[in-house]
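What follows is a short report on a single structure.
The structure presented is a predicted model; accordingly, all values stated were derived computationally and were not measured. Values below: all heavy atoms of this structure, side chains included; hydrogens, waters and symmetry mates excluded. Below, chains carry the letters A, B, ... as their sequence lines are ordered, and counting in each starts from 1.
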Protein chains: 2
Amino acid sequence: MSKPVSAQALSRMPVYLHYLKALPTDKETNISAKALGLKLGFGEIQVRKDLAAVSDAGKPKLGYSVSELISDIEAFLGYDSVNDAVLVGAGKLGRALLSYEGFKANGLNIVAAFDSDEGKCGKDESGKQILPLEKLENLCRRMKIKIGIITVPAAQAQQVCELLISGGVEAVWNFAPTHLSVPQGVILKNENMAASLAVLSKRLSDKNSANKTAQVMQGKGDPK
Amino acid sequence: MSKPVSAQALSRMPVYLHYLKALPTDKETNISAKALGLKLGFGEIQVRKDLAAVSDAGKPKLGYSVSELISDIEAFLGYDSVNDAVLVGAGKLGRALLSYEGFKANGLNIVAAFDSDEGKCGKDESGKQILPLEKLENLCRRMKIKIGIITVPAAQAQQVCELLISGGVEAVWNFAPTHLSVPQGVILKNENMAASLAVLSKRLSDKNSANKTAQVMQGKGDPK
DNA sequence: ATTCAATCGATATTCTATTATCGATATACC
DNA sequence: GGTATATCGATAATAGAATATCGATTGAAT
Ligand SMILES: NC(=O)c1ccc[n+]([C@@H]2O[C@H](COP(=O)([O-])OP(=O)(O)OC[C@H]3O[C@@H](n4cnc5c(N)ncnc54)[C@H](O)[C@@H]3O)[C@@H](O)[C@H]2O)c1
Ligand SMILES: NC(=O)c1ccc[n+]([C@@H]2O[C@H](COP(=O)([O-])OP(=O)(O)OC[C@H]3O[C@@H](n4cnc5c(N)ncnc54)[C@H](O)[C@@H]3O)[C@@H](O)[C@H]2O)c1
């Protein structure tokens, strides 16, 4: 177990995990790579390879034990122990993330939010604290917070990032559409919605312009 | 121009675009691949390759003409003509997206939202309409909407997706943490926050367990 | 006009990820 | 118990992406 895993295989792990956890417990206790791939839109070989890297719950003829697979993936991702995080920027996106229950399933617990606007401070709808920015550094240190989530406007993101790091944060999840520079050793993950949109938009325009020219050349041949 | 572009190069295009557009217009009118890469955290060769695929605004010794580059990237991404979209699920995340001004810069215009909860219908803070679900299909057809954004709970996502498609939508941007199946020809892009989190969380736990063992073996050698 | 330095773009190489092949293994059926 | 079949896991082949190399081009300096 724990062979090298590509970044993309890693990204697929939560997809497997989410699907497996949603499976009815009374039904089959095993599932095959083929069946999983079919449901999730991956090839069966890819599924096998991905799973082989994190688990040995697979048995020939039987497939994988669902429950073993779940705990293996969780252990691999580190979701068995909860990660505490803080969020900075309690605006529209920030508050949506703050109150999102789904992160629990990914081992993430947002303990509090911070905002420079005093008017936004107090309790959130979901019952989480929104605190003034001044308290950030101290709280992070005290609670040994390792993850910071940035949902402030792009212009403020770099300074907020530095503040988090000076509070001891080691990993930053950035939703602002800007490049952040972080010192060596700090992990940075950008959530880049514009990138997704670009892919979507390009594929769409390619498809539509292809239609125009391809009207005639028909018959692309469907898979299988 | 318009040579083959990898999916990942495509994802970087909005990053270049955003940075270039934020550049002060009075300053230098040209920029080199090296300078761009430094600012955005990419290698200079990658920058050159990416840009070569969509533009010929590069001149030896001078670098790229910023303004030409902007319009070339915009044209390539199809951002010169605006894409209309609808959003389904005016919950916390949905409303954050609905009122987000930043999508304009990516050529996306969300014309309206839909929700099955009549209580949520009416005008949004940002002035956009939230309409009952029944009106979706008709409005999409009438306005020839090509893009649908899904921000409903996972359990409802598939049925909403089918509704969008029956309204003529050709591309779906899905924020629900579930796999959607779409007919051939319909474009599907999942915005998978759990995947990002998995990468972040894994890197963090790798780093921390590495620290424990590596206390001694020091000296990784920093880049250059 | 000639040379120099910067920088691009094309091609080649290396690295990474996906997909295919094939032998091994566990169950079910006879 | 022996055989057939589904399915896994390891290894090999292919495809795709990032990076390095190098000649070509441009403007500036002499
Ligand atoms: N809303 C979206 O759907 C969406 C989508 C993609 C990206 N984003 C990005 O996410 C970020 C937040 O977007 P939003 O729509 O929530 O904006 P918003 O204006 O609603 O929220 C920003 C919040 O940050 C706070 N803030 C500003 N400077 C701060 C500082 N220095 N320290 C702490 N808090 C500070 C503001 O008081 C405000 O509450 C932006 O960078 C935006 O580009 C938003
Ligand atoms: N909130 C977040 O930060 C976040 C982060 C990642 C993913 N997501 C995903 O985004 C989706 C929405 O999350 P949310 O926090 O906004 O939830 P939410 O409960 O606030 O909003 C969901 C909305 O969808 C509406 N809805 C339900 N069924 C519908 C249907 N059949 N047709 C139309 N509308 C319907 C509800 O009335 C509600 O307004 C969920 O799938 C969630 O997992 C949310």
Side-chain angles (χ1 to χ4, degrees), chain A residues 1-13 15-16 20 28-69 72-73 76 192 195 198-199 202-203 206 223-224, chain B residues 1-13 15-16 20 28-69 72-73 76 192 195 198-199 202-203 206 223-224:
Chain A
M1 163 175 31
S2 246
K3 305 166 193 180
V5 179
S6 73
Q8 340 222 6
L10 179 48
S11 298
R12 287 187 292 268
M13 293 302 166
V15 181
Y16 296 122
L20 293 168
E28 296 299 320
T29 61
N30 286 52
I31 189 165
S32 73
K34 195 172 180 178
L36 253 177
L38 217 61
K39 288 290 182 181
L40 300 177
F42 304 143
E44 71 173 298
I45 296 150
Q46 187 169 65
V47 173
R48 272 210 288 280
K49 198 161 194 213
D50 286 351
L51 298 185
V54 302
S55 170
D56 54 358
K59 293 260 167 59
K61 181 85 178 183
L62 287 178
Y64 300 83
S65 153
V66 172
S67 57
E68 272 188 70
L69 209 44
D72 285 345
I73 297 175
F76 171 77
N192 192 346
V199 173
K202 190 62 174 54
R203 286 207 222 134
D206 280 355
K224 172 141 213 181
Chain B
M1 150 177 43
S2 245
K3 304 165 194 182
V5 179
S6 74
Q8 339 223 8
L10 179 47
S11 299
R12 288 187 292 268
M13 293 301 166
V15 181
Y16 296 122
L20 292 168
E28 294 300 317
T29 60
N30 286 51
I31 189 167
S32 74
K34 195 173 182 180
L36 253 175
L38 217 61
K39 288 290 183 183
L40 300 176
F42 304 143
E44 72 173 297
I45 295 149
Q46 187 171 65
V47 173
R48 270 209 292 276
K49 201 167 191 208
D50 287 351
L51 298 185
V54 303
S55 172
D56 55 357
K59 292 262 167 59
K61 181 84 178 186
L62 286 179
Y64 300 84
S65 152
V66 172
S67 58
E68 271 188 70
L69 209 43
D72 285 345
I73 297 175
F76 171 77
N192 193 347
V199 173
K202 190 63 174 57
R203 285 207 223 137
D206 280 357
K224 177 135 212 184

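No engagement by B:A9 is indicated, since no non-hydrogen atom pair under 4.0 Å with the nucleic acid exists. Across all strands shown, A:K49 has heavy atoms under 4.0 Å from base atoms, whether or not it also approaches the sugar-phosphate. Contacts of B:I45 with the nucleic acid, taken as non-hydrogen atoms under 4.0 Å apart, include base atoms. Across all strands, A:G43 comes closer than 4.0 Å to no nucleic acid atom at all (heavy-atom distances).
Within the structure, every side-chain polar atom (N or O) of B:R48 is placed at least 4.0 Å from both OP1 and OP2 of C:dG9.
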I'd like to know whether B:F42 forms a side chain to side chain contact (heavy atoms under 4.5 Å, CB included) with B:V15, so could you lay out the CA-CA distance, the side-chain angles of the two residues, the decisive distance to 0.1 Å, and finally the verdict.
CA-CA 11 Å; B:F42 304 143; B:V15 181; 4.1 Å; yes

B:S11 vs A:V199, side chain to side chain contact (heavy atoms under 4.5 Å, CB included): CA-CA, chis, key distance, verdict
CA-CA 6 Å; B:S11 299; A:V199 173; 3.7 Å; yes

Going through the distances and angles, do A:I73 and A:L20 end up as a side chain to side chain contact (heavy atoms under 4.5 Å, CB included)?
CA-CA 10 Å; A:I73 297 175; A:L20 293 168; 4.0 Å; yes

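Distance check, rounded to the nearest 0.5 Å: CD of B:Q46 to CG of B:L51 gives 10.0 Å. Atoms OH and CG, from B:Y64 and B:D56 in turn, are 10.5 Å apart once rounded to the nearest 0.5 Å.
Listed nucleotides: C:dT18, D:dA6, C:dG9. Nearest to the side chain of A:R12: C:dT18. Of the candidates C:dT7, D:dG9, C:dA17, C:dA17 carries the atom nearest the A:A7 side chain, counting heavy atoms from C-beta on. Ranking C:dC8, D:dG27, D:dC8 by closeness to the B:L62 side chain, first place goes to D:dG27. Of the candidate nucleotides D:dA17, D:dC8, C:dT18, C:dT18 has the atom nearest to the side chain of A:Q46. The side chain of B:K61 approaches C:dA6 more closely than any other nucleotide in the set C:dA6, D:dA18, C:dT27. Listed nucleotides: C:dC8, C:dA6, D:dC8. Nearest to the side chain of B:Y64: C:dC8. Distances were taken from every side-chain heavy atom of A:A52 (C-beta onward) to each of D:dG9, D:dA6, C:dC8; the shortest belongs to D:dG9. The listed nucleotides are C:dT25, C:dA17, D:dA17; the one nearest the side chain of B:S6 is D:dA17.
C:dC8 atom P lies 14 Å from atom CD of B:E68, rounded to whole Å. Between A:K34 atom NZ and D:dA6 atom P there is a gap of 8 Å when expressed in whole angstrom units. If you measure from atom CZ of A:F42 to atom C1' of C:dT18, you get 13 Å, rounded to the nearest angstrom. The CD atom of A:E44 sits 16 Å away from the P atom of C:dT18 (whole-angstrom rounding). D:dA6 atom P lies 16 Å from atom CD of A:E28, rounded to whole Å. If you take CG of A:L10 and P of C:dT16, they are 15 Å apart, rounded to a whole angstrom. Going from atom CG of B:D72 over to atom P of C:dG9 covers 11 Å, rounded to whole Å. Distance A:Q8 CD to D:dA15 P: 18 Å, rounded to the nearest Å.
Two residues, A:D50 and A:K59, neighbour DNA chain C, and the one matched to the more 5' nucleotide by heavy-atom proximity is A:D50.
Counting only heavy atoms from C-beta outward, the side chains of B:Y16 and B:L69 never approach each other to under 4.5 Å.
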